[in-house]
Amino acid sequence: MNLVTTMIIITTTLSLILATLSFWLPQLNPDAEKLSPYECGFDPLGSARLPFSLRFFLVAILFLLFDLEIALLLPLPWGNQLTSPLTTLSWTTTILVLLTLGLAYEWMQGGLEWAE
């Protein structure tokens with residue numbers, strides 16, 4: 001057997017074992033809270049006309065912003081191989097300084113406080 005066939009057999013077997021275990025390991029007697037859907041803290045059976053929590057929206061946007069920061073900084077290790085690595089370093093520093101200033105501003109304004 002060659003290496004590719006062996007790898008396919010190993011990954012398929014491991015996937016089947018993990019999928020089978022995931023059906024057997026969870027508790028078999030879930031309670032009402034585990035069975036109820038959870039949608040952003042709203043009661044799923046209540047009125048749909050309730051105002052949306054601005055705090056939840058702000059935390060979600062901040063999470064997306066800092067998640068995007070990681071995506072922007074991922075190609076950094078390859079930036080050293082460019083003709084001018086100093087340009088890469090300056091852009092990276094600019095991105096990090098702007099995001100750090102934004103985080104400090106949100107922190108001072110109390111935007112990161114979940115409970116009042």
Side-chain angles (χ1 to χ4, degrees):
M1 263 195 302
N2 60 7
L3 183 63
V4 176
T5 308
T6 306
M7 293 302 290
I8 289 175
I9 290 172
I10 289 173
T11 54
T12 304
T13 307
L14 186 61
S15 299
L16 289 174
I17 290 171
L18 290 176
T20 307
L21 283 176
S22 71
F23 285 113
W24 284 340
L25 288 181
Q27 290 182 351
L28 298 177
N29 52 356
D31 56 357
E33 287 187 16
K34 288 185 181 179
L35 292 175
S36 68
Y38 181 74
E39 296 282 339
C40 308
F42 291 123
D43 180 21
L45 302 176
S47 173
R49 302 287 179 208
L50 293 174
F52 190 73
S53 171
L54 192 57
R55 288 237 182 246
F56 180 82
F57 180 73
L58 180 64
V59 170
I61 292 297
L62 286 174
F63 173 76
L64 288 175
L65 176 72
F66 286 104
D67 197 33
L68 181 64
E69 168 199 0
I70 299 299
L72 288 173
L73 295 177
L74 275 177
L76 264 184
W78 293 278
N80 291 335
Q81 299 171 0
L82 295 175
T83 56
S84 61
L86 190 60
T87 306
T88 306
L89 178 65
S90 63
W91 279 109
T92 304
T93 306
T94 304
I95 290 172
L96 287 175
V97 165
L98 282 174
L99 287 171
T100 305
L101 289 175
L103 179 64
Y105 176 76
E106 284 293 328
W107 197 339
M108 290 188 327
Q109 293 295 322
L112 300 177
E113 307 278 331
W114 187 258
E116 295 180 23

Distance (rounded to the nearest 0.5 Å) between [X] [atom1] and [Y] [atom2]:
X	Y	atom1	atom2	value
Leu3	Ile10	CG	CD1	8.5 Å
Leu96	Leu103	CG	CG	12.0 Å
Ile61	Glu106	CD1	CD	11.0 Å
Leu62	Asp67	CG	CG	12.0 Å
Leu18	Thr13	CG	OG1	11.0 Å

In short, Thr11 meets Ile8 closest at the heavy-atom pair OG1-O, 3.1 Å

If two hydrophobic side chains count as joined below 4.5 Å and joins carry through other members, does Trp91 share a cluster with Leu99? no

Got a donor-acceptor contact below 3.5 angstrom from the Ser90 side chain to the Thr87 backbone? yes

